Visitor: 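Can you keep this structure in mind? I'll have questions shortly.
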Amino acid sequence: MTNKQPVKRFRDPLCPKPILDRAAFGKALKANGIILSDNHFDTFYQRLHRSGYPPLDEFVAELRGEVAERGISNDDGSVSVASSTNFRTKNLISSRPGRKSQLPKALLEFLSKNVLAEADSDEKFETLTSKVQMHQTSADGTTTKLAVELQDGHVVESVLMRHEGRCTLCVSSQVGCAMGCTFCATGTMGIRGNLSSGEILEQLVHASKILADESRDGMMAEEGTDDKKRQKKQKRMDLIRNIVFMGMGEPLNNYHNVLAACKAMIDRRLWNLAHNRVTVSTVGVTSGMRDLTRDLPEVNLALSLHAPNQPMREKIVPSARGTPIESLIEALDSHMMALTKRKLLENPQEDDKKTDFNIEERQTASKKKRAMIEYVMLVGDTSTIEAAHQLGKLCEGRHLVVNLIPYNKTDVKDKLSCPSEEHMQEFRRIVSSYGSFCSIRRTMGADIAGACGQLVVEQEKKQVLDIEDGPFSPKHVKISRIAPRRKKKSDADPNNGEESNDKQRATDRLLHQLTLATAIAASLFAVSASLLVLQRRKR
């Protein structure tokens, strides 16, 4: 019987480091006495993006001029990359054909040495440090769930959604989640650790290559046909247009890495996504919401509210304790009006402390810069007609967007279900009557556990089933397995797995004993302190 690898509780230090982590890469360069200007950094990452993120040794050879540059200009201004996996980006490296920005020789020497460095070197970098372990596509072909294996063995999930004429990617920002929402499968994992900005961006690279492969196959199948409109639509579908941070984890608990990833996504030299095409979702980290408004007010902010008042919210969102619901709405409203306020500040006659905006200003801000409330629909107190009126009054006069999310069945301990379609439509009508734009989210990927609230790594479930034996049979789900990496010499011995398991179990027992001893010591200390206080009072 094959021994299953135990679930790792924490993340290991990254080695090698993702080169897409700009801060880590800059720190390593500085430690070696190499100081790059922002322009050189931008040029380096632009060249890497245009080349389609090849292995680092191939990219270094390209920078040195030892191989031809990969980017091939298309008629629509995009660039196709002739690599092992087709990759298309919207951006040219320069408006002048044939012109190349030069990179410092010291940078090229550092990269060349890095390619030859040992795998366990502290300053080792790789283009991609993660891999797609498996990807599954739903029966209707609209949704693909990616299981992305990180270099330390942890797995996170991303979801690729194909809408009419556009593609959206839902990315993870943490391994697991600490917020513990009672209806969310990810919350059952607990928190394992944060993703670096590079690991977040690698999810975008993996998804883009899958789309490019699909587009290439589709174009080849339609080659020779006169249906140019269909071919043009196929070409549009191989670019990701929207990013939502609604996968595993609480993005604002990993603020600096999420902020760096967002800046790369909207960078016109790289992914060139429109600012309002990037959405950061939060359960309600008020300080992080205000930080995002200060640092990057251009991106969208979504608040996972899920209840119309504080007592109800604390029952289904444990992390809500101590964070008043009114302060969350105020922070969300401030984010929506941040750009409007910035424009007003440019006018010296305006008051810089203005917080009251007229209807026209709010309507304009709502159209250009959406601040969204996410509200899961569960049978119970939070979805009653009274709750609809409470939610409408909470958002009244603010012109916020309210997105109702039909509950998707998960393996959480509570018996939960979704209200009927008729009831959700009535709930939506009542909320809309208070002036908010309210809609019901379309469920996508439920048959592959890729819908909202369903993301949880298979290894985390109590009973791990092979995918062919589970609820996703080959008749209904397309499954692509990725060949495993070549094993290291240390993995060749079949007894290594058993030894690793024994060590892990011994470590777990020791941690349990230490935790118990710490708890007892803390209790004794509290009792001693109480007795000491009583004794002093008697004196």
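Sequence positions, counted from 1, serve as the residue numbers for this chain. Just so you know, these numbers come straight off a predicted model, no measurement behind them. Note: hydrogens, waters and symmetry copies are ignored here, and every other heavy atom, side chains too, is used.
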Visitor: Taking the side chain as C-beta and beyond, is there a heavy-atom pair between Val285 and Asn253 under 4.5 Å?
Guide: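 A side-chain contact under 4.5 Å exists here.
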
Visitor: Would you name the heavy atoms of Val376 and His306 that are closest together and state the gap between them?
Guide: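 So the two residues come closest at N-ND1, 3.0 Å.
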
Visitor: Would you mind reporting whether Leu14 and Gln151 have side-chain heavy atoms less than 4.5 Å apart?
Guide: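 Gln151 vs Leu14: side chains touch.
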
Visitor: Which atom names give the shortest non-hydrogen contact between Gly247 and Cys170, and what distance separates them?
Guide: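 Of all heavy-atom pairs spanning Gly247 and Cys170, the closest is N-SG, 3.3 Å.
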
Visitor: So that I can tick it off, tell me whether Arg22 and Asp42 are bridged by a salt bridge, with the cut-off set at under 4.0 angstrom between side-chain N and carboxylate O.
Guide: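 A salt bridge links Asp42 with Arg22.
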
Visitor: Keeping Thr384 on the side-chain end and Asp381 on the backbone end, is there a donor-acceptor pair under 3.5 Å?
Guide: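 Yes.
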
Visitor: If we only count heavy atoms from C-beta on, is the Leu150 to His154 side-chain gap below 4.5 Å?
Guide: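 Side-chain contact under 4.5 Å: yes.
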
Visitor: Please report the interatomic distance CZ(Arg166) to CZ(Arg241), rounded to the nearest 0.5 Å.
Guide: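 Those atoms lie 11.0 Å apart.
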
Visitor: Scan Val171, Leu146, Val132, Ile243 and name whichever one has a side-chain contact (heavy atoms from CB on, under 4.5 Å) with Gln203.
Guide: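 When Val171, Leu146, Val132, Ile243 are each tested with Gln203, the side-chain contact (heavy atoms from CB on, under 4.5 Å) holds only for Val171.
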
Visitor: Quick one: are Cys438 and Leu404 in side-chain contact, heavy atoms under 4.5 Å?
Guide: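 Cys438 vs Leu404: side chains touch.
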
Visitor: Taking atom CD of Glu426 and atom CE of Met424, what is their separation to the nearest 0.5 Å?
Guide: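 Interatomic distance, Glu426 CD to Met424 CE, rounded to 0.5 Å: 13.0 Å.
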
Visitor: With Thr137 as reference, evaluate Thr142, Thr144, Thr143 under the side chain to side chain donor-acceptor pair (under 3.5 Å) test and give the passing residue.
Guide: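 One option only clears the test, and that one is Thr144.
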
Visitor: Hey, could you give me the CZ/OG1 distance between Arg342 and Thr293, rounded to the nearest 0.5 Å?
Guide: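 Here the interatomic distance stands at 10.5 Å.
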
Visitor: Can you see which heavy atom on Glu374 is nearest to which on Ser304, and at what distance?
Guide: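 For Glu374 and Ser304, the tightest heavy-atom pair comes out as OE1-OG, 2.9 Å.
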
Visitor: I'd like to know whether Leu292 forms a side-chain contact (heavy atoms from CB on, under 4.5 Å) with Val280, so could you lay out the CA-CA distance, the side-chain angles of the two residues, the decisive distance to 0.1 Å, and finally the verdict.
Guide: CA-CA 9 Å; Leu292 187 67; Val280 177; 4.1 Å; yes

Visitor: For Gln174 and Asn254: C-alpha separation, side-chain torsions, deciding distance, then whether side chain to side chain donor-acceptor pair (under 3.5 Å) applies.
Guide: CA-CA 7 Å; Gln174 292 181 308; Asn254 186 18; over 6 Å; no

Visitor: May I have the step-by-step check of side chain to side chain donor-acceptor pair (under 3.5 Å) for Ser37 and His40, ending in yes or no?
Guide: CA-CA 5 Å; Ser37 65; His40 283 145; 3.3 Å; yes

Visitor: Atom CD of residue position Glu386 - does it have more than 12 heavy atoms of other residues, nucleotides or ligands inside 6.0 Å?
Guide: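 No - once you tally the heavy atoms of other residues, nucleotides and ligands closer than 6.0 Å, there are 12 at most.
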
Visitor: Is there a donor-acceptor pair under 3.5 Å between the side chain of Asn257 and the backbone N or O of Leu195?
Guide: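 Answer holds: yes.
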
Visitor: Main chain of Val299, side chain of His335: is a donor-acceptor contact present, judged purely on distance under 3.5 Å?
Guide: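 Indeed, once roles are kept as given, a pair shorter than 3.5 Å links the two residues.
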
Visitor: Do Val401 and Ser436 come close enough that some side-chain heavy atom pair is under 4.5 Å?
Guide: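 No, every pair of side-chain atoms sits at 4.5 Å or beyond.
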
Visitor: Could you tell me whether Phe25 and Phe125 have their ring centroids closer than 6.0 angstrom?
Guide: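 For Phe25 and Phe125, the ring centres are under 6.0 Å apart.
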
Visitor: Out of curiosity, Glu421 CD to Arg428 CZ, how far, rounded to the nearest 0.5 Å?
Guide: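 It is 10.0 Å, given to the nearest 0.5 Å.
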
Visitor: Which heavy atom of Met372 sits nearest to which heavy atom of Leu332, and what is that distance?
Guide: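 Shortest heavy-atom separation between Met372 and Leu332 comes out as O-CD2, 3.8 Å.
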
Visitor: So which atom in Met289 and which in Leu328 form the shortest heavy-atom distance, rounded to 0.1 Å?
Guide: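 Met289 and Leu328 have their closest heavy atoms at CE-O, 3.7 Å.
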
Visitor: Pair Trp271, Leu239 - check side-chain contact (heavy atoms from CB on, under 4.5 Å), show working.
Guide: CA-CA 10 Å; Trp271 297 98; Leu239 285 173; over 6 Å; no

Visitor: Just by distance, do the side chain of Glu361 and the backbone of Asn358 share a donor-acceptor pair under 3.5 Å?
Guide: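 Checked: pair present.
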
Visitor: Looking just at side-chain N and O atoms, do Arg313 and Gln310 make a donor-acceptor pair shorter than 3.5 Å?
Guide: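 The criterion, which ignores hydrogens and geometry beyond distance, is not satisfied for Gln310 and Arg313.
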
Visitor: Evaluate the side-chain proximity of Ile405 to Met377: yes if any heavy-atom separation is below 4.5 Å, no if none is.
Guide: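 Sidechains of Ile405 and Met377: no contact.
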
Visitor: Below 4.0 angstrom, N of the basic side chain to O of the carboxylate: do Asp295 and Lys263 qualify?
Guide: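 Lys263 and Asp295: not salt-bridged.
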
Visitor: Give, for atom OG of Ser281 and atom CG of Asn403, the distance between the pair rounded to the nearest 0.5 Å.
Guide: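 Output value for this atom pair is 10.0 Å.
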
Visitor: Salt bridge check: are Glu214 and Lys209 linked by an N-O gap of less than 4.0 Å?
Guide: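 Lys209 and Glu214: not salt-bridged.
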
Visitor: I'd like to check Val431 versus Cys395 (side-chain heavy atoms, cut-off strictly below 4.5 Å). Are they in contact?
Guide: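 No, their side chains stay 4.5 Å or more apart.
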
Visitor: Return a table of donor-acceptor pairs under 3.5 angstrom between the side chains of residues 315-327 and protein atoms on other chains or two or more places apart.
Guide:
unit_1	atom_1	unit_2	atom_2	d
Arg321	NH1	Pro318	O	3.1
Ser327	OG	Pro324	O	2.6

Visitor: What's the shortest heavy-atom distance between Leu391 and Pro308, and which atoms?
Guide: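 So the two residues come closest at N-CB, 3.8 Å.
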
Visitor: Could you check Ser158 against Leu169 for side-chain contact (heavy atoms from CB on, under 4.5 Å), going step by step and ending with a plain yes or no?
Guide: CA-CA 7 Å; Ser158 310; Leu169 181 66; 4.2 Å; yes

Visitor: Please evaluate residues Thr282 and Glu250 with respect to the criterion side chain to side chain donor-acceptor pair (under 3.5 Å), reporting the C-alpha separation (whole Å), side-chain torsions for both, the decisive distance (0.1 Å), and the verdict.
Guide: CA-CA 6 Å; Thr282 177; Glu250 165 54 57; 2.9 Å; yes

Visitor: Should Tyr434 and Leu394 count as side-chain neighbours, where that means a heavy-atom distance under 4.5 Å?
Guide: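 They are not in side-chain contact.
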
Visitor: Under the salt bridge (Lys or Arg N to Asp or Glu O under 4.0 Å) rule, collect the residues that match up with Glu330, sequence neighbours excluded.
Guide: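 So Glu330 forms a salt bridge (Lys or Arg N to Asp or Glu O under 4.0 Å) with Arg398.
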
Visitor: Asn276 and Glu298: side-chain contact (heavy atoms from CB on, under 4.5 Å), yes or no, with the steps?
Guide: CA-CA 7 Å; Asn276 63 349; Glu298 297 85 357; over 6 Å; no

Visitor: From Phe245 CZ over to Cys262 SG, what is the distance, rounded to the nearest 0.5 angstrom?
Guide: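 If I round to the nearest 0.5 Å, the distance is 4.0 Å.
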
Visitor: Determine whether the aromatic ring centres of Tyr53 and His49 lie less than 6.0 Å apart.
Guide: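 Between Tyr53 and His49, the centre distance is under 6.0 Å.
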
Visitor: Which residues pass the side chain to side chain donor-acceptor pair (under 3.5 Å) test with Glu202, sequence neighbours left out?
Guide: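 For Glu202 the side chain to side chain donor-acceptor pair (under 3.5 Å) partners, ignoring immediate neighbours, are Thr129, Ser130.
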
Visitor: Give a yes-or-no answer on whether the side chains of Ser172 and Glu157 include a donor-acceptor pair shorter than 3.5 Å.
Guide: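 No, no side-chain donor-acceptor contact under 3.5 Å.
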
